[in-house]
Amino acid sequence: MANHRFNAVKEAGSRQPFFIDLPSNKVSDYYGSTSFDLSKMQATLAPDVFKEVKHCIDKGKKIDGDIANAVAAAVKSWAIDNGITHYTHWFQPLTGSTAEKHDAFFDSMSGIEKFKGSALVQQEPDASSFPSGGIRQTFEARGYTAWDPSSPMFKWGTTLCIPTIFVSYTGESLDVKAPLLKALEAVDKAATKVCKYFDRNISKVTASLGCEQEYFVIDKALFNARPDLVMTGRTVFGHAPARGQQLDDHYFGSIPRRVIAYMEDFEVECHKLGIPVTTRHNEVAPSQFEVAPLFEEANVGTDHNMLMMDVMRRIADRHELALLLHEKPFAQINGTGKHNNWSLVTNTGVNLFQPSSSARENLLFLTFFVNTITAVHKYADILRASIASAGNDFRLGANEAPPAIISVFIGSQLSAVLDELETNGNIKIEKGDNMYMKLGIDKIPEIILDNTDRNRTSPFAFTGNKFEFRAVGGNANVGLPMTVLNTIVAKQLNDFREAVDALIADGKEKRLAIIEVLRKYIAESKDVRFEGDGYAEEWVAEAEKRGLPNIKDTPEALDAFLTEKSKEVFGLYNVLSERELEARNEILWENYVMKVQIESRVISDLALNHIIPTAVKYQKKLIDTAKGLQDIGLDNKSTVNVISKITEHIDGVKDGALNMIDERSRINEIEDAREKAVEYCHNIKHKYFEQIRYHVDKLELFVDDEDWPLVKYREMLFVH
Ligand code: ADP
Ligand code: MG
């Protein structure tokens, strides 16, 4: 085993960067070349057909019949010209990844390539292998995938991938995208109606999303020599290196050339696919990097993030690198998150979260700003649930990561504006008064200076012209948090409009009615606003005083989806029915159990079959030494001391691993998904993982480096 480790380290150390030849010096020459986007549709479809397609996309309507046939014919000929032989419906089942089933264009019966509109529009994947939380088993044996024309089809290898939703025959959604599309429609409708108070020309509001994706890459050989990384995506053991991320030395400034070559490569692939990435070079931890695409419409942005993760994974292979997207691959080193930059933009081009130089327009800004904060306050528990996963639990609420408490950071300038409005806003406005000046709304600066990077500890931060949901896990499908965020904001905006309309009906002037409702919301949602250090212990106590939920573990966090409040808000816009919510929770709990179970197995296997034998061998060497020293009449006290320490840690590892195995067999008998998840969380993970790790990591310090079987942290993180 130790040999395996040294071979891997040697192999990793001998590699050269692999720079690809860029397709062209100009990105525009190949940008979008493997994406069948709107411009290609426009170029290949008859004008009236294209107009209809565009109309359907804008209105979120289904495309079928002749129009679908025309699109199918156009995409088929584009595909064949581009060396594509197969097509697949590409969808996002609830397992957290993407799925596909490939069919050939070539039809052996007729001897020609075929692709009908019906095959574009709908397919029947073998649904039995995807989790459905009991929906399909009980009600309907099969499900189908249906084309989402608003997200461009793309070429991947020799396959045409068609973004689709995945639903059961009884209409329940079995994927991430279907509810997301409904949530985006809900927020569009709700926001558009609110916008009409200000501008009658606004007829559509689009949610936009830009994901800043963090990631680690390490050498492939080192990755393969760590069974825990291979099986679980994270290291279950490993002593922190002497040089952690606390050192701000030159290492962090320069990116290893192999990684630069990798970045260039995946960037090209992303650009070809029409994913607008701009690589960032600001790593936080050793071997950690970040890539951020330009923001896009939220549904497309979600698909593109899924696709980008896939591209990054596959391209890493070519560079003998392994991509790690797990939320906490290395203990005591920065985790991996995905900041979801989110805003709402009107069809007239106004970003509703952009403060303006005109006081009048700022009332529009304040409306959306305050309503979003209020929604986050009211539904903090559901937002928390939307980012719950076994991996993210190692980040949220752990030492150096956003807490599991959802709070909102808005910066001192906007805090002052809201405070002033709350305390001094109850003034009489006379005819001819400058209402905005009297209310202090004229004081909102156009450029918000003080917040973009000041507070990195907030899980939900306003950063100048957008909100940033930062607590999302690095490995997550952002479709779920985006579904929740857009749904709760839709609900909040509808509540707001009802309240304003009621005041107007009572004879109140429109703007004053808006101000009055906003002031009420500012006061009500004040507790969710927090400007301090989110990582500090004091905040946990303070948040508790404020009554903010702080749920550390996934099994309990998921309960928020099944409350009456949750059922109501998801039901209102048909985003998720009660049955769908229940089915989803079932799947998420099962998924959690699977993850923790695998980790637990890996831990006991590594502990019993790798760590203990190695430590025992070393212990024996020391015993021989101690005896030898005694034989020649020398003092062996320090050796005996080490032996007793090693013995203590070996016992610790062994007891922990064996007890954990017993506990596992007991828990595995449990039928109920939630109960099982809770048991795995508290009686496996919390009870044993850290305890076993503590002893293993101590042994790593004692045992001769020559004998240690697992690739060490310093080797993984600093060998490039
Ligand atoms: P930072 O968070 O470091 O200030 P940027 O301002 O560069 O970073 O933005 C990070 C991400 O936010 C990028 O993906 C960017 O496209 C996206 N973004 C910028 N403006 C908006 C917006 N109005 N809506 C959604 N995302 C946005
Ligand atoms: Mg950011």
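Counting from 1, the numbers follow the sequence of the chain as shown. Counting convention: from 1, in listed order, for ligands and their atoms alike. Source: prediction; values computed, not measured.
Considering both main-chain and side-chain atoms, F295 comes within under 3.5 Å of ligand 1 through a nitrogen or oxygen pair. Here's the thing with W342: none of its N/O atoms is less than 3.5 angstrom from an N/O atom of ligand 1.
Taking every heavy atom of L294 and a limit of under 4.0 angstrom, the matching atoms of ligand 1 come to 16 (O). Heavy-atom contacts of E468 reach the following atoms of ligand 1: 2 (O) (cutoff under 4.0 Å). Residue N351 approaches ligand 1 through these ligand atoms, each under 4.0 Å from one of its heavy atoms: 23 (N).
Neither the backbone nor the side chain of H339 comes within contact range of ligand 1; no heavy atom lies under 4.0 Å. When non-hydrogen atoms are compared, ligand 1 lies under 4.0 Å from neither the backbone nor the side chain of Q354.
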Worksheet item: Checking salt bridge (charged side-chain N to carboxylate O under 4.0 Å, His left out) for the pair D393/K552: CA distance, chi angles, key distance, verdict?
Response: CA-CA 7 Å; D393 281 358; K552 292 223 167 82; over 6 Å; no

Worksheet item: Passes salt bridge (charged side-chain N to carboxylate O under 4.0 Å, His left out), R314 versus E269? Steps please.
Response: CA-CA 10 Å; R314 297 194 208 191; E269 287 307 317; over 6 Å; no

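A salt bridge between R313 and D310 is present, with a side-chain N of the basic residue lying under 4.0 Å from a carboxylate O of the acidic one.
Of the listed options G301, G210, P293, P293 places a heavy atom closest to atom 13 (C) of ligand 1. The closest non-hydrogen atom to atom 24 (N) of ligand 1, taken over P276, S343, A298, comes from S343.
Residues that satisfy the salt bridge (Lys or Arg N to Asp or Glu O under 4.0 Å) test with K204, not counting sequence neighbours, are D188. Take H304 and apply the side chain to side chain donor-acceptor pair (under 3.5 Å) test, not counting sequence neighbours, and it matches E296.
Using the six-membered ring where Trp is involved, W90 and F154 have ring planes that are perpendicular, over 60° apart on the 30 and 60° scheme.
Checked against the 6.0 Å centroid criterion, the rings of W539 and F530 qualify as a close aromatic pair.
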